[in-house]
Protein chains: 2
Amino acid sequence: MTTRWLSPAEQRAWRSYVSASSLLEDTIDRRLQAEAGMPHLYYSILAMLSEAPDRRLRMTELAEILKITRSRLTYAVTRLENDGAVQREGCPTDKRGHVAVLTDEGMALLERTAPGHVETVRAAIFDHLTPEQVGQLEEICESIARAIQGENSGACREDLPWRRRSSTS
Amino acid sequence: MTTRWLSPAEQRAWRSYVSASSLLEDTIDRRLQAEAGMPHLYYSILAMLSEAPDRRLRMTELAEILKITRSRLTYAVTRLENDGAVQREGCPTDKRGHVAVLTDEGMALLERTAPGHVETVRAAIFDHLTPEQVGQLEEICESIARAIQGENSGACREDLPWRRRSSTS
DNA sequence: AGGTATTGTTTAAAACTTGAACCACTGTGT
DNA sequence: ACACAGTGGTTCAAGTTTTAAACAATACCT
């Protein structure tokens, strides 16, 4: 089958998206790194915990929410635990399991840095969009997420290992 | 000043965006890693070169297009040069400068892997969007990029160093 | 000529990711 | 009960990437 290339309009949209998402992630990471001392993913871990009942979540559940491997999460939580923002506890109902708990210190960090973070997001995105565009953005992103997760229902990175480049150098 | 939190609609849009962009970048990276043996950024370097006149671009120009530091680009191009996809040449008009040139091998790699990449992008995004949504996506992303680049006209990551976390562990 | 700005690289340290191996436990079937 | 496959989560070693800072070479300006 012959390749269905992107139309000019799709091309433009795609380029814009790549540029914007790259710029955005850099901006957010920089700001978060400066004010909270951690990259976006780590901040998201704290944010998710802060909203969970009792400020605690099972490791696997957290990994699924954030769409990352358990291995990666273990590394991240260990770091956050060293920072004092999170604490690990054994799971009462399943002795294999662990729950990550947001500490008071972590909550304080979150409350201290959230305004700056929101400000970044606002300045980069929402201050310049109409209410209609906000709705459009949500729908488009929802559609993308659905498309990706539908394909291989919920398959996570670690389920489909990919070939490493042959180390020839 | 009191924080202007996100409205419920903005909140939903933001969450959707974070999820979608994370999933999307993972998907694209995995596919590109498997088929081209390189992550998205590196592929973009080849793509940009392939469209440049004479398949060549000055290092700094390339860094600006991709919005990355020169240091980061140096590393990436060195890797691509080892892979044989890119070659460095001195710049005739400025003896300080270098240009990255896409080799025939690099072009072949690009042509071989582009269909798969487009297929990924299409499956994840454009196959599920209406033409109107494609236009909306472009406008929204354009607006985001403008907002970020306008702020500190073109300031790049290396211009504004950020504090590293105090290594307390 | 002299001073400053650019270009791009190098360096060393640090952060992060990966896949595989692994242990402890759970749940199921017999 | 008992074997035994499956889960939850961590550890491990290796590799990739990123960072900031320092540097050499050249260009530009006065």
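Below, chains carry the letters A, B, ... as their sequence lines are ordered, and counting in each starts from 1.
Using a cut-off of 4.0 Å between Lys/Arg side-chain N and Asp/Glu carboxylate O, B:Asp26 and B:Arg30 are scored as not salt-bridged.
Residues B:Pro39 and B:Lys95 each lie close to DNA chain D; by heavy-atom proximity, the contact nearer the 5' end of the strand is made by B:Pro39. Position along DNA chain C of the nearest nucleotide to A:Asp94 versus A:Ala76 favours A:Ala76 as the more 5'-ward residue.
Checked by atom type and distance alone, the side chain of B:Glu81 pairs as donor or acceptor with a backbone atom of B:Arg88 at under 3.5 Å. Between the B:Thr74 side chain and the B:Arg70 main chain, a donor and an acceptor come within less than 3.5 Å of each other. Not a single donor-acceptor pair under 3.5 Å links the side chain of B:Thr103 to the backbone N or O of B:Gln87. Proximity of a side-chain donor or acceptor of B:His98 to a complementary backbone N or O of B:Arg58 within less than 3.5 Å is not detected.
Proximity of B:Arg88 to the phosphate of C:dG8: no side-chain N or O atom is located under 4.0 Å from OP1 or OP2. Taking side-chain N and O atoms only, B:Arg96 has no distance below 4.0 Å to OP1 or OP2 of C:dG8. In this structure, A:Arg70 does not reach the D:dT10 phosphate: none of its side-chain N or O atoms is under 4.0 Å from OP1 or OP2.
No hydrogens or angles were tested; on distance alone, nothing pairs the side chain of B:Ser71 with the base of C:dG8 as donor and acceptor under 3.5 Å.
In this structure, A:Arg72 places its CZ atom 17 Å from C1' of D:dT10, rounding to the nearest Å. At whole-Å resolution of the value, NZ in B:Lys67 and P in D:dT18 are 17 Å apart.
Against DNA chain C, the stretch residues 40-65 of chain A makes heavy-atom approaches under 4.0 Å through A:Tyr42.
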